[in-house]
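Notes follow the structure.
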Protein chains: 2
Amino acid sequence: MDSHYLKQIQAFYRSHKRMPSYSELMAVVGFRSKNAAYKLVERFVQRDWLDKDAKGRLLPGRLFQDLPVLGTVSAGFPSPADEELTDTMSLDAYLIGNKEATYILKVNGHSMIDAGILPGDMLLVERGADPRDGDIVIAQVDRAWTMKYFRKRGAAVFLEAANKDYQPIHPQEELKIAAVVRAVIRKYH
Amino acid sequence: MDSHYLKQIQAFYRSHKRMPSYSELMAVVGFRSKNAAYKLVERFVQRDWLDKDAKGRLLPGRLFQDLPVLGTVSAGFPSPADEELTDTMSLDAYLIGNKEATYILKVNGHSMIDAGILPGDMLLVERGADPRDGDIVIAQVDRAWTMKYFRKRGAAVFLEAANKDYQPIHPQEELKIAAVVRAVIRKYH
DNA sequence: AGTGTAGGTAAACGTTCGTTCACCGTCAAG
DNA sequence: CTTGACGGTGAACGAACGTTTACCTACACT
């Protein structure tokens, strides 16, 4: 079956971090002829299973970097074999807008628990971005770094904790926004 | 400066989805000699900025796929220029344990809000894994798919909602675990 | 029985690959 | 002033590259 060949190519990509050449592909799938691998690739390219660049080299496409999106939880959980899984997405492309300015930060306290951010969560933050009203930001207030909601009322800006017991922080002079929180990632171990 | 060359290589990798050859690298950084690119790579390999495989091809290493980890929020937010940012991690490698069985699912309701899972969040679920006590699972109970805590008391298993108002579900016969929730991803727009 | 197609082997092609060698400026150290 | 290291140019090497052509089954369809 052809899909078995595809899985072998995907395995090669994961272990070598690059696509195979035709000689390597020939060895991977067990052909004795480089041309057999060439024709296999041409078949896969026509089915949109593989991509080639201008120089004929293989490129990792959707099937190599993306994950299948099944749907929504409450709307049901269809079996992947049942329907066409056309909807896929790449985690990296989805989460990282500006890779140069993106950093990872670990959450330590319970201060943002009302915003659904738990201790141990990972934050994807972007430095140098200017925050909009309602964004969660990493800010420096009175020489201490904290995570707060960024609020803008006209020209006035202030910081608001996720916990409603705390009072909003209206900075006197200096309000240094270090980074804007772009995503929250929680992994269960 | 050498780091400028590195950024150009990283840009090539992001746009072409593969590492450049020496001829391409020569063109990218503006050299007129392929050997200059070769020596540049050798310098970078010695500094652990680049990796080469057994056949001499360039490999994408930490600097191409990973994001820098700055630290924890409450512990401070050090500037990336200040210290050595040796700690990095790859989102894909961190989140995806078994790529063959990993799927993305979108959260629709508020049922798991007590577990820090909000509507609109993305779930990374793994099919076919057997859950441990306390895991969040996608289960089929009475022909409907739901997201619940998986509980195991000795030999007895049952499902528990994140909302404490609901009663635990003790299945009579059939308890089909469709998938185990491995990670929660929330992106702010 | 004859024919066409799909998928394989085998060999050859020009091109590009990674690598090496010889050579040349610039600049800091002895 | 001389020397050596460094970073670049330019040309050449064999090996591997993607691609093409020719040929060979096995099998489905008239």
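A quick note: this is a predicted structure, and the numbers were derived from the prediction, not measured. Labels below follow one simple rule: chain letters A, B, ... track the order of the sequence lines, proteins then strands, and each chain is numbered from 1.
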| request: May I ask you to evaluate whether Arg57(A) reaches the phosphate of dC17(C), defined as a side-chain N or O under 4.0 Å from OP1 or OP2? | output: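 The answer is yes; a side-chain N or O of Arg57(A) sits under 4.0 Å from OP1 or OP2.
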| field | N/O (side chain, Tyr38(B)) to phosphate O (OP1/OP2, dT19(C)) under 4.0 Å | value |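 Answer is yes, contact under 4.0 Å.
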| query | Should Lys99(A) and Ile96(A) be marked as a side-chain contact (heavy atoms from CB on, under 4.5 Å) after you check the CA-CA gap, both sets of side-chain angles, and the distance that decides it? | reply | CA-CA 6 Å; Lys99(A) 186 168 191 299; Ile96(A) 305 173; 3.8 Å; yes
| task | Go through DNA chain D in 5' to 3' direction and return only the first and the last nucleotide with some atom under 4.0 Å of chain B's heavy atoms. | result |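 Nucleotide range with atoms under 4.0 Å of chain B: dG7(D) to dC17(D).
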| query | Do the non-hydrogen side-chain atoms of Val181(B) and Ile138(B) ever get within less than 4.5 Å of each other? | reply |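 In short, these two side chains touch, coming nearer than 4.5 Å.
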| query | Does Leu70(B) reach the side chain of Asp87(B), with side-chain heavy atoms less than 4.5 Å apart? | reply |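 Leu70(B) does not reach Asp87(B) side chain to side chain.
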| field | Length of the line joining Tyr22(A):OH and dT15(C):C1', which is rounded to integer Å | value |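 Rounded to the whole Å, the gap is 15 Å.
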| message | I need the NZ-C1' distance between Lys52(B) and dG18(C), as an integer number of Å. | response |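 Lys52(B) atom NZ is separated from dG18(C) atom C1' by 7 Å.
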| Between Arg18(B) and Glu24(B), is there a side-chain N and carboxylate O pair less than 4.0 Å apart? |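 Glu24(B) and Arg18(B): salt-bridged.
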| task | Using a strict cut-off of less than 4.0 Å between a Lys/Arg side-chain nitrogen and an Asp/Glu carboxylate oxygen, indicate whether Glu100(A) and Arg14(B) qualify as a salt bridge. | result |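 Yes, Glu100(A) and Arg14(B) are salt-bridged.
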| request: Using the salt bridge (charged side-chain N to carboxylate O under 4.0 Å, His left out) rule, take Lys17(A) and Asp51(B) through it: C-alpha gap first, then chi angles, then the decisive distance, then the call. | output: CA-CA 11 Å; Lys17(A) 293 181 179 174; Asp51(B) 286 328; 5.8 Å; no
| query | With distance as the sole criterion, is a donor-acceptor pair present between the side chains of Glu126(A) and Tyr103(A) under 3.5 Å? | reply |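 Tyr103(A) and Glu126(A) do not have a side-chain donor-acceptor pair below 3.5 Å.
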| request: For Glu42(A) and for Ser21(A), locate the closest nucleotide of DNA chain D by heavy-atom distance; then report the residue assigned to the nucleotide nearer the 5' terminus. | output: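 Looking at the nearest nucleotide for each, Ser21(A) comes out on the 5' side.
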| task | List the steps and the verdict of salt bridge (charged side-chain N to carboxylate O under 4.0 Å, His left out) for Arg47(A) and Asp2(A). | result | CA-CA 11 Å; Arg47(A) 288 184 235 179; Asp2(A) 271 355; 2.4 Å; yes
List, with names and distances, any nitrogen or oxygen atoms from the protein found under 3.5 Å away from nitrogen or oxygen atoms belonging to nucleotides 4-11 of chain C.
from: dG7(C); atom 1: OP2; to: Arg43(A); atom 2: NE; distance (Å): 3.4
from: dG8(C); atom 1: OP2; to: Arg43(A); atom 2: NH2; distance (Å): 3.2
from: dG8(C); atom 1: O6; to: Lys39(A); atom 2: NZ; distance (Å): 2.3
from: dT9(C); atom 1: OP1; to: Arg32(A); atom 2: N; distance (Å): 2.9
from: dT9(C); atom 1: OP2; to: Arg32(A); atom 2: N; distance (Å): 3.2
from: dT9(C); atom 1: OP2; to: Ser33(A); atom 2: N; distance (Å): 3.2
from: dT9(C); atom 1: O4; to: Asn35(A); atom 2: OD1; distance (Å): 3.1
from: dA10(C); atom 1: N7; to: Ser33(A); atom 2: OG; distance (Å): 3.2

